[in-house]
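So the structure is just underneath, and the comments pick up after that.
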Amino acid sequence: MDGLKRGSAAIVGVAESDLGEVADGMSVIDLMAQGAKRALDDCGLSLKDVDGLFSATTQSRLSVLALAEYLGVNPSFLGSTIVGGSSFEYHVAHAMGAIGLGLCNVAVIAYGSTQRSVGRKQASVREVNPYETPFKPFLPASAYALAASRHIHEFGTTREQLAAVAVAAREWALLNPAAWEKKPLTIEGVLSSRMVSYPFTVRDCCLVTDGGGAIVVTSAERAKSLKKAPAYVLGCGQSVTHASISSMPDLTVTGALTAGKAAYAMAKLGPADIDAVELYDAFTINTILFLEDLGFCKKGEGGAFVSGGRIGPNGSLAVNTNGGGLSYCHPGMYGLFLLIEAVRQLRGECDARQVKNCEVALAQGNGGVLSSQATVILGTQTAL
Amino acid sequence: MPSNQDAPLKTYLVHLARGELAYQFSPAAGRAVFYPRMLCPFTGSDRLEWRISKGLGTVYATTVVHPIEGMPFNVALIDCDEGFRLMSRVEDIAPEQVRIGQRVRFRVHQPGGEEPPQPVFVPVEGA
């Protein structure tokens, strides 16, 4: 098995669709199409160049068909892997593989959600798990709260340390004009907010917004002649450890450990080489778990690591530079936005929140209840 | 025509209705399997034996759900002594009093109506 070839494909176009609270009547395919058009404009390609199409959403049963029809394209390669919020990191690896095999050359990966407008209950089908549903966990929050309870028990992590993750995300969001949250947040503000599922208050939990977007992936060769500097795909890795939280082997160790190792090996890089770290922060514990599992600190030390502003705009490690799912936007499945921000950081397009000399960025997609982890490491020409 | 197998969930619920917490044991893996299924996830073997738990376990993880309406309640993951884990809740004490490492004992909760019985846990006295 040869696997994917480091740097053989690149993300060349990125765009968000409308975000936050979208116009009345907007569909998820409307948002995907809007994102696709903007992402293609971003790199100077057009719909006639698109021969690979990927999408995932909880609001359209056969979304990639709906999107192909809407766009008027007949792509030779389709992908609709849906594993929750990390679907789009999987799509990047799948697009890279397809491009490498010559099955397509220009792939659009799109997402859309109107969960804020239609309500969370309408945005995804309620699924009954006869071994969990009777106990009424408030999912997904309670699943992550159970993981947090273990982290607190085993390592002495505190609610203040969890809150520090939300505060750092808010500080970054205040530098991002596209972010939903516009007001400062303090640790005390997090702790005193409405309790959702202990130890999480509503400020430990991601936003509920509408939104979508798209990215364009093509071969490294094609990428060279396009409008903007390519973000080369240097490494990819995936891991599935469970689907339901009661089947997660160890609640303090996520599949990001395995996914990250695979991505680092492919990229021939390690945590010390990463300039911008974009982690799927559905809940504050995520950031701590992923920083540990991806090797930015030791297992159990994540709580101390995120404290004292270390991962904020003035800290030593740039984490979730767009404000994250906690403060920028979280339209149901957030994984695509990690890739969009990583690419923008590598291009130097981030103005007030720009990470200096950003050559390598990591996106850690998370799906389900810490279930499906996918790591994508991107780099500039210098890092290639 | 050979008869079709019973659904694992059905067998589990029949035991629960009798007041038994049933789980599967995989001889090939030499360990417990839960939730009940058709194949052992450790070996792929379809030879799974039904066993009845002694009903003793330890709280592995715990949270208190605060619904917008209604009283807070406990949701916990329990590690049973036979080596399997399940989602449940600890009753008879305040939800925030449930702690990781606490010893607990199984009992059946009958929600009534059409709802199937549920395995819940209570603190082991003196533990």
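We use all heavy atoms of the structure for the numbers below, so side chains are in, but hydrogens, waters and symmetry mates are not. First the proteins, then the strands, lettered A, B, ... as listed; each starts at 1. Note that the structure is predicted; figures quoted are calculated from it, not measured.
Within 6.0 Å of the CG atom in Asp24(A), the count of heavy atoms belonging to other residues, nucleotides or ligands does not exceed 12. Enclosure of atom NZ in Lys261(A) is not indicated, since only 12 or fewer non-hydrogen atoms of other residues, nucleotides or ligands lie within 6.0 angstrom. Within a 6.0 Å sphere centred on NZ of Lys183(A), other residues, nucleotides and ligands contribute 12 heavy atoms or fewer.
Contacts of Ser244(A) with chain B are absent, with no heavy-atom separation under 4.5 Å from either backbone or side chain. Looking at Ile245(A), the atoms closer than 4.5 Å to chain B (heavy atoms on both sides) sit in the backbone and in the side chain alike. In this structure, chain B has heavy atoms under 4.5 Å from both the backbone and the side chain of Pro137(A). Within the 4.5 angstrom heavy-atom criterion, atoms from both the backbone and the side chain of Pro119(B) approach chain A.
Heavy-atom neighbours of chain A within the stretch residues 42-53 of chain B, taken at a separation under 4.5 angstrom, are nonexistent. The interface of residues 23-39 of chain B with chain A, defined by heavy-atom distances below 4.5 Å, comprises Phe34(B), Tyr35(B), Pro36(B).
Evaluation of the salt bridge (Lys or Arg N to Asp or Glu O under 4.0 Å) rule for Asp210(A) yields no partner, not counting sequence neighbours.
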Side-chain atoms of residues 58-67 of chain B: list all donor-acceptor pairs with protein atoms under 3.5 Å, sequence neighbours left out, distances to 0.1 Å.
from     : atom 1 : to        : atom 2 : distance (Å)
Thr58(B) : OG1    : Arg103(B) : NH1    : 3.0
Tyr60(B) : OH     : Leu251(A) : N      : 3.0
Thr62(B) : OG1    : Asn74(B)  : ND2    : 2.8
Thr63(B) : OG1    : Ser197(A) : OG     : 2.8
Thr63(B) : OG1    : Tyr198(A) : N      : 3.3
Thr63(B) : OG1    : Tyr198(A) : O      : 2.6

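Atom NE2 of His153(A) and atom CZ of Arg99(B) lie 10.0 Å apart (nearest 0.5 Å). Atoms OG and CE, on Ser142(A) and Met87(B) in that order, are 7.5 Å from each other to the nearest 0.5 Å.
For the pair Phe73(B)/Phe135(A), no side-chain contact is recorded, criterion being any heavy-atom separation below 4.5 Å from C-beta on. Between Arg194(A) and Ile68(B), some side-chain heavy-atom pair lies under the 4.5 Å cut-off. With a 4.5 Å cut-off on side-chain heavy atoms, Glu154(A) and Ile100(B) do not count as touching.
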